[in-house]
Amino acid sequence: MLRKKFLALAISAIAVSASIIASSAATVLVDENFDSGLGKMQGVQALVLAQDGYAYVSGRGADWHCVQVTGENAGVEVGKTYELKTAGKIDASQKVRDEAIVGFCIEHIKPDGSTGWKWLEVKAKAVAGGTFEVADTFFFDPDEMTTVNCIRIQTDNNEDIFEYYVDYFTLTEVDAAGAAPVVTDDSKDAPAPTTGNTAAATDPSKAANPETGVEGVAAVAGLAIVAAGAILFARKK
């Protein structure tokens, strides 16, 4: 009975810790669904209107005439990693080439003071009468840029100036500490974890009660609770 109580406490504490860590590992900077206007977004050399829960982009004369968010409005900082997501649709009446795409393009200032443009790797194929969805994670490398001017949702060719609708745009700062661990080939050669009560092998006085196994479970619960408390304390600061 005692073992079950400690086990339940450990599981509860670990769950709380995981929840706190997950919530603190990512910060949403922009979350626009255009239900009540453009919010932090704006048009650049294009007519952009909030219409029926979309940002409707029209009047385009070039690929970069689109909807964007400035780096200042978004609160983007060079040297950090962000997740960018968007989705939208294109009317069937629009002229769309087979090669047309929609994606994220970042206008920035390079270390030498010149202006640069960086396309995120993930792009979506544009189809008349279809939808598109783009999601990618990007590190704003200080070796490549000093300032982020804007993040644009655009096409990549001046032949692709069709009208389109953006359903939503989210920009989330991703904490490196919350990233999934990277498994390398070297880990395959790592020794298998030792099983059993290793403390008892060197010091019999530390052996857990064979009937309850309380010591090991309590240790897990204690570590989980301490971790949760440390995280909460750090967040309050």
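Throughout, residue positions are numbered sequentially from 1 according to the sequence presented.
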Please give me the minimum heavy-atom distance between A126 and V96, naming the atom from each residue. O-CG1, 3.4 Å
Should we say atom NZ of K118 is surrounded by more than 12 heavy atoms from elsewhere, each under 6.0 Å from it? no
Which heavy atom of V48 sits nearest to which heavy atom of A55, and what is that distance? CG1-CB, 4.2 Å
Salt-bridge criterion met for K110 and E144 (N-O under 4.0 Å): no
I want to know whether Y54 and F34 have ring centres closer than 6.0 Å. no
Over all atoms of both residues, closest heavy-atom pair of C66 and R152: SG-CB, 3.6 Å
Enclosure of K95 NZ (heavy-atom neighbours >12, cutoff 6.0 Å): no
Side-chain heavy atoms nearer than 4.5 Å, only ILVMFWY residues, links allowed to pass through others: does that put Y164 and I161 together? no
Would you say V78 and T147 make side-chain contact, with heavy atoms under 4.5 Å? no
Would the distance check show the side chain of S58 and the main-chain N or O of E163 forming a donor-acceptor pair, the cut-off being under 3.5 Å? no
According to side-chain contact (heavy atoms from CB on, under 4.5 Å), who are the partners of K80, at least two apart in sequence or on a separate chain? E77, Y82, E173
Kindly work out whether a path of hydrophobic side-chain contacts (I/L/V/M/F/W/Y, heavy atoms less than 4.5 Å apart) joins V134 to V174. no
Should F140 and V148 be marked as a side chain to side chain contact (heavy atoms under 4.5 Å, CB included) after you check the CA-CA gap, both sets of side-chain angles, and the distance that decides it? CA-CA 8 Å; F140 288 74; V148 177; 3.4 Å; yes
Measure across V57 and A46 and return the closest heavy-atom pair with its distance rounded to 0.1 Å. CG1-CB, 4.1 Å
So, taking the atom named OG1 in T170 and the one named CG in D31, what distance separates them when rounded to the nearest 0.5 Å? 6.0 Å
H108 side chain to N149 backbone, donor-acceptor under 3.5 Å: no
State, to 0.1 Å, how close G79 and P142 come at their nearest heavy-atom pair, and which atoms those are. CA-CD, 3.9 Å
Count I, L, V, M, F, W, Y as connected when their side-chain heavy atoms are under 4.5 Å apart, and connections chain through other members. Are F132 and V122 then in the same cluster? yes
Contact between D91 and Y165 at the side-chain level, heavy atoms closer than 4.5 Å - yes or no? yes
What is the distance from atom NE2 of H65 to atom CD of Q45, rounded to the nearest 0.5 Å? 4.5 Å
Residues E107 and W117: side-chain donor-acceptor under 3.5 angstrom: yes
Is any side-chain heavy atom of V69 less than 4.5 Å from a side-chain heavy atom of Q42? no
Are L49 and V44 linked, directly or through intermediate hydrophobic residues, by side-chain heavy-atom contacts shorter than 4.5 Å (ILVMFWY only)? no
Same apolar cluster: V102 and L171, side chain cutoff 4.5 Å: yes
Return yes if some donor-acceptor pair links the side-chain N/O of Q51 with the main-chain N/O of Y56 below 3.5 Å, else return no. no
Between N33 (side chain) and D35 (backbone), is there a donor-acceptor pair under 3.5 Å? yes
Testing the 3.5 Å rule here: is there a donor-acceptor pair between the side chains of E32 and Y168? no
Report, as yes or no, whether the 6.0 Å neighbourhood of atom NZ on K85 holds more than 12 heavy atoms from other residues, nucleotides or ligands. no
Look up atom CZ in F162 and atom CD1 in I90, then write down how far apart they are to the nearest 0.5 Å. 4.0 Å
Spacing of CG belonging to D160 relative to CD belonging to Q94, to within rounding of 0.5 Å: 11.5 Å
Output the distance between atom CG (D63) and atom CG (N157), rounded to the nearest 0.5 Å. 6.5 Å
Taking every non-hydrogen atom, the tightest pair across Q68 and C150: OE1-SG, 3.4 Å
Would you say the side-chain atoms of E159 pair up with the backbone N or O of R97, donor to acceptor, closer than 3.5 Å? no
Mind checking side-chain contact (heavy atoms from CB on, under 4.5 Å) for L120 and listing every partner two or more places apart, or none if nothing turns up? L84, F104, I106, D136, F138
Nearest 0.5 Å, please: how far is CD in Q154 from NZ in K123? 10.5 Å
Identify, with sequence neighbours excluded, every residue that meets side chain to side chain donor-acceptor pair (under 3.5 Å) alongside T172. none
Do other residues, nucleotides or ligands put more than 12 heavy atoms under 6.0 Å from the CD atom of E99? yes
Would you kindly say whether S114 and D112 are connected by a side-chain donor-acceptor distance under 3.5 Å? yes
